[in-house]
Amino acid sequence: MRFDIITIFPSIFESYLKESLIKKAREKGIFEVYIHDLRKWAEDVHQTVDDKPFGGGNGMVMKPDPIYKAVKEIKRKGSSKKKVILFTPRGKKFTQRKATNLSGYRQIIMICGRYEGVDERVAKYIADEEMSIGNYVLMGGEVPAMVVLESVSRLFPGVVGRKDFLGKRKVKDGFLEYPRYTRPEHLKIEEKDRKVPAVLLSGNHKKIEEWRKKRGKIIK
Ligand code: SAM
């Protein structure tokens with residue numbers, strides 16, 4: 001599996017990719033991540049990737065031609081099952097179910113918008129899907145790309161702990177997320193003793209499972 005991220009700010013990803021489980025998983029060869037500077041596909045000496053909006057209005061719009069060329073070239077590097085995602089706040093909501101679905105692809109190409117957005121022809125004719133990570137407007141698609149990369153890649157065996165690490169909490173295409181506690185057993189917060197629920201110290205695995213199901217929430 002390979003992730004290809006197209007951005008005008010490639011350095012945003014530098015430290016992110018060099019840390020933690022993402023770094024380890026890449027070193028183990030579980031998946032590959034390639035960051036592409038969109039300006040490489042710009043045609044003029046100034047490496048212009050944006051222009052004024054037709055019809056007037058504020059701000060700049062990302063040009064479709066460098067994006068088209070970038071996607072075309074990057075697609076050739078991947079194998080059969082590919083998906084091209086354009087991040088927009090009005091796109092389809094990204095969910096855990098969607099992450100599970102994407103984990104079945106061999107190449108995910110993500111286009112990060114900036115400025116006032118991206119020429120509509122990218123959504124219509126170049127991307128397979130417009131995706132939003134929530135009902136708010138960010139400054140760019142780089143954070144959404146990290147969100148997708150992180151939630152999809154953690155589903156691959158061996159990325160987070162042992163191969164069966166996520167297995168127990170998997171429910172269909174979602175995860176059971178329940179409250180977690182660690183030492184100390186007792187903690188004074190504002191003069192009050194805030195202790196770990198007794199059931200978790202009971203050693204009774206059946207009861208612990210029941211408690212986790214009751215207190216947890218399924219994220220789909
Ligand atoms: N009016 C613009 C639009 O509809 O795309 C908003 C542009 S926003 C300032 C710049 C870029 O940030 C967008 O092109 C998109 O790539 C990204 N973006 C902003 N909010 C997002 C969200 N909630 N989900 C996914 N991408 C988002």
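Atoms within a ligand are numbered from 1 in the order they appear, just like the ligands themselves. Position 1 is the first residue of the sequence; numbering continues from there. For the numbers below, each heavy atom of this structure counts, side chains included, while hydrogens, waters and symmetry mates do not.
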Enumerate the atoms of ligand 1 whose separation from the nearest heavy atom of [X] is less than 4.0 angstrom.
| X | result |
| --- | --- |
| Met139 | 10 (C), 12 (O) |
| Tyr115 | 7 (C), 8 (S), 9 (C), 10 (C) |
| Thr88 | 24 (N), 25 (C), 26 (N) |
| Gly141 | 12 (O), 16 (O), 17 (C) |

Geometry only, no angles: is [X] polar-contacting ligand 1 at N/O separations under 3.5 Å?
| X | value |
| --- | --- |
| Gly113 | yes |
| Val118 | no |
| Arg90 | no |
| Met131 | no |
| Leu138 | yes |
| Phe87 | yes |

Could you find the nearest protein heavy atom to [atom] and give me its residue, atom name and distance?
| atom | answer |
| --- | --- |
| atom 24 (N) of ligand 1 | Ile133 N, 3.0 Å |
| atom 5 (O) of ligand 1 | Pro89 CD, 3.3 Å |
| atom 17 (C) of ligand 1 | Gly140 C, 3.4 Å |
| atom 1 (N) of ligand 1 | Glu116 O, 3.4 Å |
| atom 23 (N) of ligand 1 | Tyr136 O, 2.8 Å |

Whether Phe31 and Phe156 hold their rings parallel, tilted or perpendicular, with breakpoints at 30° and 60°: tilted
State plainly whether the residues [X] and [Y] are in salt-bridge range, i.e. N to O under 4.0 Å.
| X | Y | value |
| --- | --- | --- |
| Glu209 | Lys213 | no |
| Arg194 | Glu191 | no |
| Lys92 | Glu129 | no |
| Arg90 | Glu130 | yes |

Residue pair Gln107 / Asp4, side-chain donor-acceptor N/O under 3.5 Å: yes
Any side-chain donor near an acceptor of the partner, Glu73 and Tyr68, under 3.5 Å: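 Short answer, no.
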Ligand 1 versus Pro144: contacting region, heavy-atom distance under 4.0 Å: side chain
Within-4.5 Å side-chain heavy-atom neighbours: Leu138 and Ile133: yes
Any side-chain heavy-atom pair of Lys77 and Arg2 under 4.5 Å: yes
Six-ring centre of Tyr34, Arg26 cation under 6.0 angstrom, axis tolerance 45°: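 Because its charged atom misses either the 6.0 Å distance or the 45° angle limit, Arg26 does not stack over Tyr34.
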